[in-house]
Amino acid sequence: MRLEARKVTYGYSAGRDVLTDVSLSIESGRMMFVLGANGSGKTTLVQCLAGLRVPRTGCVRLDELPIEQLSLRERARALGIVPQIHEPVFDYTVGEVVLMGRAPQLTMLSRPGRSDWKAARIALDRVGLLPLIDRPYTRTSGGERQLTLIARGLAQGARCLLMDEPTAHLDPTHQHRILSTIQTLARDEYAFVVTSHHPNNALSYGDLVVFLIEGHTEYSGLPERMIHKESLAAAYGMEFEIINGIGSVCAVIPRTRPRDQKA
């Protein structure tokens, strides 16, 4: 599976483009982080990759086919979206939320059957939430909700999940649980595009990184090569300190004292 954006330009109004000539490519077995400041266009990019928004110029291709040529059902069987914030309206159980992902696999007016529940249980087991299958979704933590939505994407049959800041507002333990789960799934030939504000997560978990800077893609490649002082300053408008490990960058932190100030 290969998902690709080629010189995508998108704007909500004439003369005001949110994305300009954006290009990236992700394949099965890879986890890509899209880093950028607030307002840089990350959510819009996810929506374009999913086919929810049509670029003004450029195109999005799934296995070389323009995504607009695929039916909604075909897209849903290949791509899943995990939103940043998901507030349930009804008190569904965790299992029922995951079961909703089976919709693209059902025919018109048909109801989920044993095979669909089996797929939901398998998906929940893969993200470590099978014991919560009967718990109300509204009574789960933020991290458990994100894992539930990942499981929904797996039950859906999607081989690529587009995740919009999945670790926002989560503590380090839940961030690690989610990102390590994604990392494990990627090794099983899934593809993930993860938007994030956290360069250190890209360094720790990502295979690829691309910076989205004022609607343009920049500094695309291996995290340990692309995450450096210049790329961070361009993306976030501030200076960072680089902490080096054995042979590569292992962490970055914002610079908090003047250059000429001694420790």
Side-chain angles (χ1 to χ4, degrees), residues 1-3 26-34 46-47 49-52 62-63 67 70-86 88 92-107 110-137 140-168 170 174-196 201 205-207:
M1 199 279 323
R2 180 185 180 91
L3 180 66
I26 182 71
E27 297 180 351
S28 298
R30 295 286 187 173
M31 180 180 179
M32 172 184 281
F33 277 79
V34 179
V46 166
Q47 293 169 345
L49 291 174
L52 300 179
L62 181 63
D63 289 332
I67 199 167
L70 302 176
S71 68
L72 292 177
R73 185 181 295 271
E74 289 171 326
R75 292 182 211 171
R77 287 176 173 176
L79 301 172
I81 296 181
V82 177
Q84 177 181 350
I85 299 174
H86 180 245
Y92 293 111
T93 66
V94 166
E96 288 169 336
V97 172
V98 175
L99 187 66
M100 293 175 191
R102 296 297 295 169
Q105 307 295 335
L106 302 177
T107 58
S110 64
R111 300 179 62 182
R114 287 186 179 180
S115 62
D116 301 300
W117 272 108
K118 181 179 179 180
R121 292 178 65 88
I122 290 173
L124 280 168
D125 189 46
R126 297 200 68 178
V127 301
L129 287 190
L130 187 56
L132 303 187
I133 189 169
D134 294 321
R135 179 178 295 181
Y137 181 69
T140 57
S141 68
E144 289 166 343
R145 288 188 186 187
Q146 287 293 78
L147 289 169
T148 299
L149 296 180
I150 294 172
R152 185 178 68 179
L154 299 182
Q156 181 177 322
R159 300 302 298 182
C160 179
L161 291 185
L162 308 172
M163 310 190 69
D164 192 12
E165 298 186 33
T167 59
L170 298 181
H174 286 90
Q175 289 188 40
H176 171 70
R177 185 179 181 187
I178 289 168
L179 294 174
S180 60
T181 297
I182 295 170
Q183 191 177 54
T184 299
L185 290 168
R187 300 296 176 264
D188 195 25
E189 295 305 307
Y190 286 91
F192 291 87
V193 177
V194 181
T195 70
S196 177
N201 284 343
Y205 303 95
D207 300 300

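Contact check for Leu154 versus Leu185: side-chain heavy atoms found under the 4.5 Å cut-off. Ile182 places a side-chain heavy atom less than 4.5 Å from the side chain of Met31. Contact of the Arg126 side chain with the Asp188 side chain is registered, since non-hydrogen atoms from C-beta on lie closer than 4.5 Å. Side-chain contact between Ser28 and Met1 is present, with at least one heavy-atom pair separated by less than 4.5 Å. Between Leu147 and Thr181 there is a side-chain heavy-atom pair separated by less than 4.5 Å. Gln156 has its side chain within reach of Pro104: a pair of non-hydrogen atoms, C-beta onward, lies under 4.5 Å apart. Looking at Met163 and Val193, their side chains never come closer than 4.5 Å, going by heavy atoms from C-beta outward.
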>> Pair Ser141, His174 - check side-chain contact (heavy atoms from CB on, under 4.5 Å), show working.
In response: CA-CA 9 Å; Ser141 68; His174 286 90; 3.9 Å; yes
>> Quick one, Arg121 with Ile133, criterion side-chain contact (heavy atoms from CB on, under 4.5 Å). Give me CA distance, side-chain angles, the key distance, then yes/no.
In response: CA-CA 8 Å; Arg121 292 178 65 88; Ile133 189 169; 3.8 Å; yes
> What do the steps show when you test Leu3 against Leu49 for side-chain contact (heavy atoms from CB on, under 4.5 Å), and what is the final call?
Replying inline: CA-CA 8 Å; Leu3 180 66; Leu49 291 174; 4.2 Å; yes
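Between Tyr190 atom OH and Ile150 atom CD1 the span is 11.5 Å, to the nearest 0.5 Å. Note: Leu161 CG to Arg152 CZ = 10.5 Å, rounded to the nearest 0.5 Å. To the nearest 0.5 angstrom, Arg2 atom CZ is 4.5 Å from Glu27 atom CD. With rounding to the nearest 0.5 Å, the separation of OH in Tyr137 from CG in Leu149 is 3.5 Å. For the atom pair CG (Leu99) and CZ (Arg111), the distance works out to 10.5 Å, reported to the nearest 0.5 Å. The distance from the OG atom of Ser115 to the CD1 atom of Ile122 is 10.0 Å, given to the nearest 0.5 Å.
Using modelled atom types, one finds a donor on one side chain and an acceptor on the other under 3.5 Å when comparing Thr195 with Asp164.
Across all their heavy atoms, Ala50 and Ile81 have their closest contact at CB-CD1, 3.4 Å. Considering every non-hydrogen atom in both Ile26 and Ala191, the closest pair reads CG1-CB, 4.0 Å. When all heavy atoms are compared, the tightest approach of Leu162 to Cys160 is CD2-SG, 4.0 Å. Contact between Ala123 and Ala155 at its shortest, heavy atoms only, is CB-N, 3.9 Å. Minimum heavy-atom separation, Ala76 to Ala158: O-CB, 4.4 Å.
Among the candidates Gln175, Gln146, Arg177, His176, the single residue satisfying the side chain to side chain contact (heavy atoms under 4.5 Å, CB included) test with Thr167 is Gln175. Checking Val127, Ile178, Val94, Leu129 one by one against Glu144, the side chain to side chain contact (heavy atoms under 4.5 Å, CB included) holds for a single residue, Leu129.
Phe192 does not carry Arg30 over the face of its six-membered ring by the limits of under 6.0 Å from the centre and within 45° of the normal.
The pair Arg187-Asp207 counts as a salt bridge, with a side-chain nitrogen and a carboxylate oxygen less than 4.0 angstrom apart.
Considering only residues two or more places apart in sequence or on other chains, Glu74 meets the side chain to side chain donor-acceptor pair (under 3.5 Å) condition with Ser71. Take Gln105 and apply the side chain to side chain donor-acceptor pair (under 3.5 Å) test, not counting sequence neighbours, and it matches no residue.
The main-chain N or O of Ser180 is found under 3.5 Å from a side-chain atom of Thr184 such that the two form a donor-acceptor pair.
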